[in-house]
Amino acid sequence: MTSPGSGSSPPEVNTRGLEAVHLAAILDAVPTAVVVIDDRGSIEYVNAQLLSLFGYERDELIGHPVEQLLPARFRAAHPRLRAGFFDEPAARPMGAERDLFGARSDGTEFPVEIGLSAISSNGRILGVAAVVDLTERKRHERRFRATVESSPVANIMVDETGTIVLANAEARRLFGYAEHELVGRGVEVLVPEEHRDAHAGLRSRFLAAPSARQMGSGLELHGQRSDGTRFPVEIGLSPVSTAEETFVLAAVLDLTERKRHERRFQETVQSAPIAMVMVDGSGTIVLANTETHRLFGYEDSELIGRKVEVLVPPASRAMHPDLRGVYTDHPSSRRMGEGRDLHGVRSDGSELPVEVGLNPVDIDGEKFVLAAIVDLTERHRLEDGLRESNEALERSNMELQQFAYVASHDLQTPLRSVSGFAQLLAEDYGGRLDDTAEDWIRRIISGTETMQTLVRDLLAFSRVDSQATPFSEIDLGQLVDEVVELLEPSICELGATVERSDLPVVKGDPSQLMQVFENLIGNALKYHGDDPPHVRVVAERVDAMWRVAVSDNGMGIDARHHERIFEIFRRLHTQQDIPGTGIGLAVVRRVAHRHGGDVSLESAPGAGSTFTFTIPVLETS
């Protein structure tokens, strides 16, 4: 054949005698499949790895055309490509930028990567092909692409030139592009126009020292959609290195909703019906809502930036920084000055009685304290007036109604706000805060939820008489079934059984009687023993009354506590052991009294309990 064209000559190799034997041994020892062909495409040598890879015996290949190792669809074009190589036999990859495939002896195809080189042996030019099986690599690439494509987070991969090589479905949706509109374009198309020139330099600096980190830490970042609109983002960068080059995988989070929640938090605090003040670690006021300004008589600009002691009476100011420091060292959601009468001071120097709830808040590693301040002036005035009343029942009703008003309007709204935004902090910043901050957030949520439950139960207790509905005919059996359905998650979790006999139709308040069964059956599930709870509801007529009994196989109650447990706030277990408010059985007794009956208990430790309440038989004409 003609001598090679431009380029260096192939190395001379002696394939005769002992040297050929040594060469064959060396090629059989290398981990890569190797085939040697002459300029006509006839196979002169194959090593052991190639035989194993393609599934042939040596005599099935030696002397045969190399096209035997190619899929049938590529064989016709291969001689021309082979001739081109022998015209310029320089070392290079075969089929650059194309997907190559080999064909095994059984006809199955598999992806390959082929490196070509040439040697001169005894005056002839031979081609040497090193074949690498890409099956596993392609499988990993498919898994990687499938994982990235299905990720709920927008993922964009760029090469060292900043060209987008991959953009998953969420990235295309978020930025408003079709796949063909992103792949192959510079990543700056997703960057706001005024930042594009600087972005290339930032990208180069990242590639100079690649590491997984957040992009633009401490800065507010924005992306730009295909329609030109912009939105706040948070971007995590991760280098992905291959044998050829380093890529950058960017995970893009849309912060639009988070920013909206932050604005809502600010708006909610501002519009809260109680005074709310947030201070930083030094005691400086960083937020004070509208009610704070109204309550203490300051203009908007007169509180921000000042020490919180400006709201503390002069007699207490000197000790307040120390008390604040103690709280900062041991933060938790709690009332301030437990057991003491607290006062605030207005801008005109007048004092007012207050109740202060404290909640620690950690935002991006900085610690704040959110104080909810309730003006007790009106409450104290009412309490003073109630104490002067001679009728105990009227005084009790007025206290309950006033508490219901205060709880529903002055407690529940801010508690929901604090709990809701604390949960948002936990969801949005979960995993990004330290353990202490996440523990504080959990304490905020737990404390507000406990307070909400207490307020709700007190409202239920107070409304037994003050907000009761007219009596109507009620099928107690249907009512119990509804309660069982309501408690179904707890019943399933505990493996409990609840059964009932035929229950009568009575006349009463449906919502209050439902409360009775919900409390009694719920208590039977809550205070269970070692065995799965078993609850039975039966009814027996005694003269003009129905005796409805709810029995269980739970832990039981000592006789000396049988009367105490019906008193409001009386509990036999700590909040840590078994959560509760101590109001449920007080509600049961009060509802029974309103319906003209009573409630009683038969129980002993370890022998279960039977709660019996009576209700008049429905009179028929």
Apply side-chain contact (heavy atoms from CB on, under 4.5 Å) to L249 and L237, showing your working. CA-CA 6 Å; L249 182 64; L237 301 176; over 6 Å; no
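- S105 places no side-chain N or O within 3.5 Å of a backbone atom of Y56 that could act as its donor or acceptor partner.
- In D197, the CG atom is not crowded: 12 or fewer heavy atoms of neighbouring residues, nucleotides or ligands sit closer than 6.0 Å.
- In this structure a side-chain-to-backbone donor-acceptor pair under 3.5 Å is present from S151 to V153.
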Tell me, with the steps shown, if L182 and V189 meet side-chain contact (heavy atoms from CB on, under 4.5 Å). CA-CA 9 Å; L182 279 180; V189 71; 4.2 Å; yes
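- Considering all non-hydrogen atoms of both residues, A250 and I235 come closest at CB-CG2, 4.1 Å.
- The heavy-atom pair separating V369 from L358 by the smallest distance is CG1-CD2, 4.2 Å.
- A donor atom on one side chain and an acceptor atom on the other are found under 3.5 Å apart for R225 and T229.
- Formation of a donor-acceptor pair under 3.5 Å by the D375 side chain with backbone atoms of I373 is not found in this model.
- Between D280 and F368, the shortest heavy-atom contact is CA-CD2, 3.7 Å.
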Go through the steps to decide whether T284 and R306 satisfy the test side-chain contact (heavy atoms from CB on, under 4.5 Å), and finish with yes or no. CA-CA 5 Å; T284 301; R306 299 182 69 178; over 6 Å; no
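- Residue V128 forms a side chain to side chain contact (heavy atoms under 4.5 Å, CB included) with just one option from L116, V34, I37, and that option is V34.
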Does the side-chain contact (heavy atoms from CB on, under 4.5 Å) test come out yes or no for L311 and L303, once each step is laid out? CA-CA 9 Å; L311 305 178; L303 285 178; 4.0 Å; yes
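- In this structure, T292 contributes its side chain and A288 its backbone to no donor-acceptor pair below 3.5 Å.
- Of the charged side-chain nitrogens involved, none lies within less than 4.0 Å of a carboxylate oxygen, so that D38 and R82 do not count as a salt-bridged pair.
- A side-chain donor-acceptor contact under 3.5 Å links N47 to the backbone of T32.
- Using a 4.0 Å cut-off between charged side-chain N and carboxylate O, E109 and R104 make no salt bridge.
- In this structure, the side chain of R230 does not engage the main chain of P192 through any donor-acceptor pair within 3.5 Å.
- A salt bridge links E234 with R258: at least one charged nitrogen is closer than 4.0 Å to a carboxylate oxygen.
- The nearest pair of heavy atoms linking V356 to A371 is CG1-CB, 4.0 Å.
- Contact detail for S211 and P239: the closest heavy-atom pair is C-CD, 3.6 Å.
- Ion pairing of E181 with R172 is absent here, as no side-chain N (NZ or NE/NH1/NH2) approaches a carboxylate O to less than 4.0 Å.
- Enclosure of atom CZ in R40 is not indicated, since only 12 or fewer non-hydrogen atoms of other residues, nucleotides or ligands lie within 6.0 angstrom.
- Nearest heavy-atom pair, A275 versus N289, reported as atom, atom and distance to 0.1 Å: CA-OD1, 3.6 Å.
- Heavy-atom contacts from other residues, nucleotides or ligands closer than 6.0 Å to CD of E299 number 12 or fewer.
- Geometrically, R73 engages F101 in a cation-pi contact defined by less than 6.0 Å to the ring centre and at most 45° from the axis.
- Counting non-hydrogen atoms of other residues, nucleotides and ligands closer than 6.0 Å to CD of E194 gives a total above 12.
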Evaluate salt bridge (Lys or Arg N to Asp or Glu O under 4.0 Å) for E188 paired with R203, printing each intermediate quantity in order. CA-CA 10 Å; E188 280 74 25; R203 177 164 42 77; 3.3 Å; yes
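- No side-chain donor-acceptor contact under 3.5 Å links E170 and N168.
- Using a 4.0 Å cut-off between charged side-chain N and carboxylate O, E136 and R139 make a salt bridge.
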